[in-house]
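Remarks on the structure that follows.
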Amino acid sequence: MSTPAWLTRIASVESVDDEAGNPVIARHAPDGTVVRPASVLVLFGGRPDSLELPSDASVLLTQRASSLRQHRGQVAFPGGAADPGDDGPVGTALREAQEETGVDPSGVEVLTVLESIFVPPSGFEVTPVVAYWRTPSAVAVVDTGETERVVAVPLTDLLDPSNRFVVRHPMGYRGPAFAVEGMLVWGFTAGVLSGVLETAGWSAPWDNGDVRDLETALAAVGEELHP
């Protein structure tokens, strides 16, 4: 089957670009750094017969369990660390997505594999795997000890300029953020999303001069800042 017309632009790239002060997408491990490979699944759903971005377009996100010691409550793409038996980054992304959300890999069409991005706090080198949910399957939280929510977030919400701003972390980090579905999307996930939306040509102008302290932004959606 052919790739939906509205996804052909992003399907043809191996890297993404973003002029909105996005520090995530160009992050590479310093020479000599020992990294741990990981992958995430950037899974888009929506009508296959639309020429333009369809009104039902969405991306699958998860919210980590509040009981976790690290990254608790944070919003993420389905994904995780590579296992020895995985068939490369695609295999890791599909396996992790199935384990976290129950998504059926047979209904997922991989479009492109983006350049890996280094995540300094964890030492992971994360490969985003962009895919189309050609045959959507039921998804839900599989392990409540790991995941709190599984949400197909409408792209109309992510692209709404009123839901976009920049967050400033107490340690100095600044990067794009989205407030959607009662969640704050920031850090790695927001950086990749912002880059993909921009590269695909879907982004509308938004105020990247609107800089908010991370604690304030989290409090606005009822979350807490955790180390």
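Annotation: the span from Trp133 atom CH2 to Leu43 atom CG amounts to 6.0 Å, rounded to 0.5 Å. Rounded to the nearest 0.5 Å, atoms CG (Asn22) and CG (Asn208) are 11.0 Å apart. Between the CZ atom in Arg149 and the OG1 atom in Thr101 there is a gap of 14.5 Å [rounded to 0.5 Å]. Note that CZ of Arg47 is 7.0 Å distant from CG of Asp56, once rounded to the nearest 0.5 Å. In this structure, CG in Asp104 is found 10.0 Å from CG in Leu94, a value given to the nearest 0.5 Å. Taken from CD in Glu100 to CG in Asp143, the straight-line distance is 9.5 Å, to the nearest 0.5 Å.
Not a single side-chain hydrogen bond (donor to acceptor under 3.5 Å, both in side chains) links Asp157 to another residue, sequence neighbours left out. Under the side-chain hydrogen bond (donor to acceptor under 3.5 Å, both in side chains) criterion, Thr127 pairs with Ser116, sequence neighbours left out. Take Ser203 and apply the side-chain hydrogen bond (donor to acceptor under 3.5 Å, both in side chains) test, not counting sequence neighbours, and it matches Arg164. The ring pair (Phe, Tyr, Trp, His ring centres under 6.0 Å) test applied to Phe124 returns no partner, not counting sequence neighbours.
Side-chain contact check for Val40 versus Phe188: some heavy-atom pair is nearer than 4.5 Å. Using a 4.5 Å heavy-atom cutoff, the side chains of Thr33 and Phe118 are in contact. Annotation: side chain of Glu96 is not in contact with side chain of Ser39 (no heavy-atom distance under 4.5 Å). Counting heavy atoms from C-beta outward, Val196 and Leu114 have side chains that approach closer than 4.5 Å. Side-chain contact check for Pro176 versus Pro23: some heavy-atom pair is nearer than 4.5 Å. Leu60 is not listed as a side-chain neighbour of Leu41, based on a closest heavy-atom distance of 4.5 Å or more. Contact of the Leu184 side chain with the Phe165 side chain is registered, since non-hydrogen atoms from C-beta on lie closer than 4.5 Å. Between Leu197 and Phe178 there is a side-chain heavy-atom pair separated by less than 4.5 Å.
Asp17 places no side-chain N or O within donor-acceptor distance of the main-chain N or O of Glu198, the cut-off being under 3.5 Å. With hydrogens and angles ignored, the 3.5 Å screen pairs no side-chain donor or acceptor of Asp213 with any backbone N or O of Glu215. One N or O on the side chain of Thr8 and one on the backbone of Ala5 form a donor-acceptor pair closer than 3.5 Å. The backbone N or O of Thr199 lies less than 3.5 Å from a partner atom in the side chain of Arg9, making a donor-acceptor pair.
Side-chain heavy atoms closer than 4.5 Å link hydrophobic residues (I, L, V, M, F, W, Y) into clusters, and following such links, even through other members, never connects Val185 to Val139. If you chain together hydrophobic residues whose side chains sit under 4.5 Å apart, Val35 and Val192 never meet in one group. At a threshold of 4.5 Å between side-chain heavy atoms, the hydrophobic network of Ile, Leu, Val, Met, Phe, Trp and Tyr places Val130 and Leu7 in one connected group. In the hydrophobic clustering of ILVMFWY residues, with side-chain heavy atoms under 4.5 Å counting as a link, Val42 and Val103 come out apart. Follow the hydrophobic side-chain contacts under 4.5 Å out from Phe44 and you reach Phe77 in the same cluster.
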Using atom types as modelled, flag every donor-acceptor pair under 3.5 Å from a side chain in residues 82-91 to any protein atom, sequence neighbours excluded.
from  : atom 1 : to    : atom 2 : distance (Å)
Asp83 : OD2    : Arg95 : NH1    : 3.4
Asp86 : OD1    : Arg95 : NE     : 2.7
Asp86 : OD2    : Asp83 : N      : 2.8
Asp86 : OD2    : Thr92 : OG1    : 2.7
Asp86 : OD2    : Arg95 : NE     : 3.4
Asp86 : OD2    : Arg95 : NH2    : 3.0

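Ring pair Trp6/Trp202 is tilted by interplanar angle, where 30° to 60° counts as tilted.
When all heavy atoms of Val142 and Gln98 are compared, the pair lying nearest together is CG2-O, 4.2 Å. Pairing each heavy atom of Val180 with each of Val153, the nearest pair is CG2-CG1, 3.9 Å. Summarising the geometry of Val13 relative to Ile10, their closest heavy-atom pair is CG2-O, 3.2 Å, with the distance given to 0.1 Å. Closest non-hydrogen pair, Ala190 versus Ala177, comes out as CB-CA, 4.2 Å. Val16 approaches Ile25 most closely through the heavy-atom pair O-CD1, 3.6 Å. When every heavy atom of Gly102 is checked against every heavy atom of Ser137, the shortest pair comes out as O-OG, 4.3 Å.
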Q | From CA spacing to verdict: side-chain contact (heavy atoms from CB on, under 4.5 Å), Tyr173, Val24 | A | CA-CA 10 Å; Tyr173 167 86; Val24 172; 3.6 Å; yes
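The salt bridge (Lys or Arg N to Asp or Glu O under 4.0 Å) pairs that include a residue from residues 120-136 are Glu109-Arg134, where partners are two or more places apart or lie in different chains.
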